[in-house]
There are 2 protein chains.
Amino acid sequence: MAKEDVLLLDFWVSPFCSRVKIALAEKGVAYQQRGEDIFGGKSELFLKSNPIYQKVPVLLHDGKPMCESTNIVQYIDETWPSPPLLPSSAYDRARARFWADFIDKKLFDAGGNIWKTKGEDQAAAKKELIQILKYLEGGLGDKDYFGGDSFGFVDIIAIPLTNWFFAYEKFGNFKVEEECPKFAAWTKRCLGRESVAKTLPDPQQVFEFVSMMRKMHGIE
Amino acid sequence: MAKEDVLLLDFWVSPFCSRVKIALAEKGVAYQQRGEDIFGGKSELFLKSNPIYQKVPVLLHDGKPMCESTNIVQYIDETWPSPPLLPSSAYDRARARFWADFIDKKLFDAGGNIWKTKGEDQAAAKKELIQILKYLEGGLGDKDYFGGDSFGFVDIIAIPLTNWFFAYEKFGNFKVEEECPKFAAWTKRCLGRESVAKTLPDPQQVFEFVSMMRKMHGIE
């Protein structure tokens with residue numbers, strides 16, 4: 001695989017881009033990345049590659065574009081099969097896709113509702129986030145990772161979103177670890193993995209980015 | 001495969017349940033179905049099988065529950081491989097999953113916004129629905145079906161939702177066929193297929209169900 005065959009259109013703080021980077025790192029796939037100016041002039045390649053959503057990440061493989069991070073991670077798993085990210089049985093794959101979809105539907109939006117609000121709305125948003133994490137703790141059960149003994153698909157979908165928790169905690173004045181210790185232990189386990197540790201930005205920088213977003217939204 | 005191995009927890013008018021029924025019909029899988037009283041007393045099996053969403057469809061295969069229709073259709077495709085519903089190449093599968101996800105995110109909610117509203121809100125909802133269908137026409141291109149020459153995954157995800165269009169048209173006073181003739185032609189093509197024709201309820205009955213829902217929402 002020549003390096004120029006795989007190109008990621010990226011934005012540094014996006015947890016959705018981080019999913020793709022972690023998956024590519026797990027597979028040992030070399031790739032190029034190009035930062036997109038998502039607030040300013042989006043590149044022609046980007047707009048052509050994702051005309052409907054105009055969102056990062058976009059992965060171009062041999063020039064062919066793919067959009068939506070969960071979809072891209074599945075593509076990566078099917079295209080470079082070793083090591084496998086999704087489980088081998090159809091039932092376990094259905095369970096994994098269920099949790100990935102649950103995370104996609106719930107987690108980032110719930111976090112956004114914490115930093116975008118104050119007072120009662122923020123209290124409700126915190127309660128909602130904790131409920132989501134309790135459900136995820138149920139999915140995790142007594143396993144080290146969502147798929148069992150080894151880091152896999154659902155872990156890759158979930159872990160980059162936890163990188164924003166420091167910002168949620170600062171603006172929401174709570175601690176995920178106190179509310180959901182099992183989820184926090186899973187987070188630490190994943191952060192010890194090289195593909196994750198090398199990919200995720202510093203939570204302090206994420207906090208500063210969220211602070212800027214709050215100002216843009218007129219919240220401060 | 002003994003008939004009692006596959007059980008669908010169902011609600012007659014749900015387009016999401018219809019997806020599962022069409023997929024099982026395409027695969028020639030015999031199954032039992034049990035109607036859930038989604039407005040009344042939900043069964044213990046149902047609540048135990050889908051505790052998070054408490055939504056139909058649920059498919060139980062050898063007693064193991066699966067939730068979320070798009071996920072279930074993928075499971076069916078992986079478990080009973082012939083005839084295949086998803087395309088054979090990883091890139092084409094990524095395209096198919098992209099469109100299935102787009103439909104899941106957009107189409108049913110946009111339709112709901114037509115029958116739940118009036119006046120300017122309804123006009124905006126109709127515009128939104130038509131924009132979604134235009135995007136889908138782009139995805140269809142010049143092909144007979146979303147995957148090419150044969151009826152497949154994206155067709156199964158999309159076609160049951162069109163069964164509600166008669167109700168949207170009656171309440172919204174417009175015609176999908178006039179706005180999106182290519183999409184309407186695809187719809188007719190799919191409706192000619194036995195697995196689809198035998199599964200979908202009469203659009204008049206869907207209209208009556210939506211009328212009842214409007215009354216429940218205090219719209220009439």
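So that the names make sense, note that chain A is the first sequence line, chain B the second, and so on, each numbered from 1. Every value quoted in this text rests on a predicted model; they were computed, and no experiment measured them.
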Would you say that more than 12 heavy atoms from the other residues, nucleotides or ligands in this model lie under 6.0 Å from the [atom1] of [X], or not?
X	atom1	value
B:D37	CG	yes
A:K143	NZ	yes
B:Q54	CD	yes
B:K55	NZ	no

**Q.** Spatial distance of atom OG (B:S89) from atom CD (A:E78) [nearest 0.5 Å]
**A.**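 Going from OG on B:S89 over to CD on A:E78, the span is 9.0 Å.
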Q. Roughly how far, to the nearest 0.5 Å, is CD of B:E68 from CZ of A:R97?
A.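 Result: 13.5 Å between the selected atoms.
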Q.
Counting C-beta onward and ignoring hydrogens, is there a side-chain heavy-atom pair between B:F98 and A:I52 closer than 4.5 Å?
A.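 B:F98 vs A:I52: side chains touch.
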Q) With only heavy atoms counted, which part of B:K134 is less than 4.5 Å from chain A, the side chain, the backbone, both or neither? A)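 When you check distances to chain A, no heavy atom of B:K134 falls under 4.5 Å.
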(Q) With a 4.5 angstrom heavy-atom cut-off, is it the side chain or the backbone of B:Y53 that approaches chain A, or both, or neither? (A)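 It is the side chain, since no backbone atom gets that close.
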Q: Could you pull out the closest heavy-atom pair between B:R95 and A:P65, with the gap in Å?
A: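 Answer, listing the atom of B:R95 first, then A:P65: NH1-O, 4.5 Å.
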Q. Any idea which heavy atoms bring A:A90 and B:T79 closest together, and the distance?
A.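 The pair with the smallest heavy-atom distance is CB-OG1, 3.7 Å.
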Q) If you count heavy-atom pairs under 4.5 Å between each of A:Y91, A:Y75, A:F102 and chain B, which one has the most? A)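 When all of A:Y91, A:Y75, A:F102 are compared, A:Y91 has the most.
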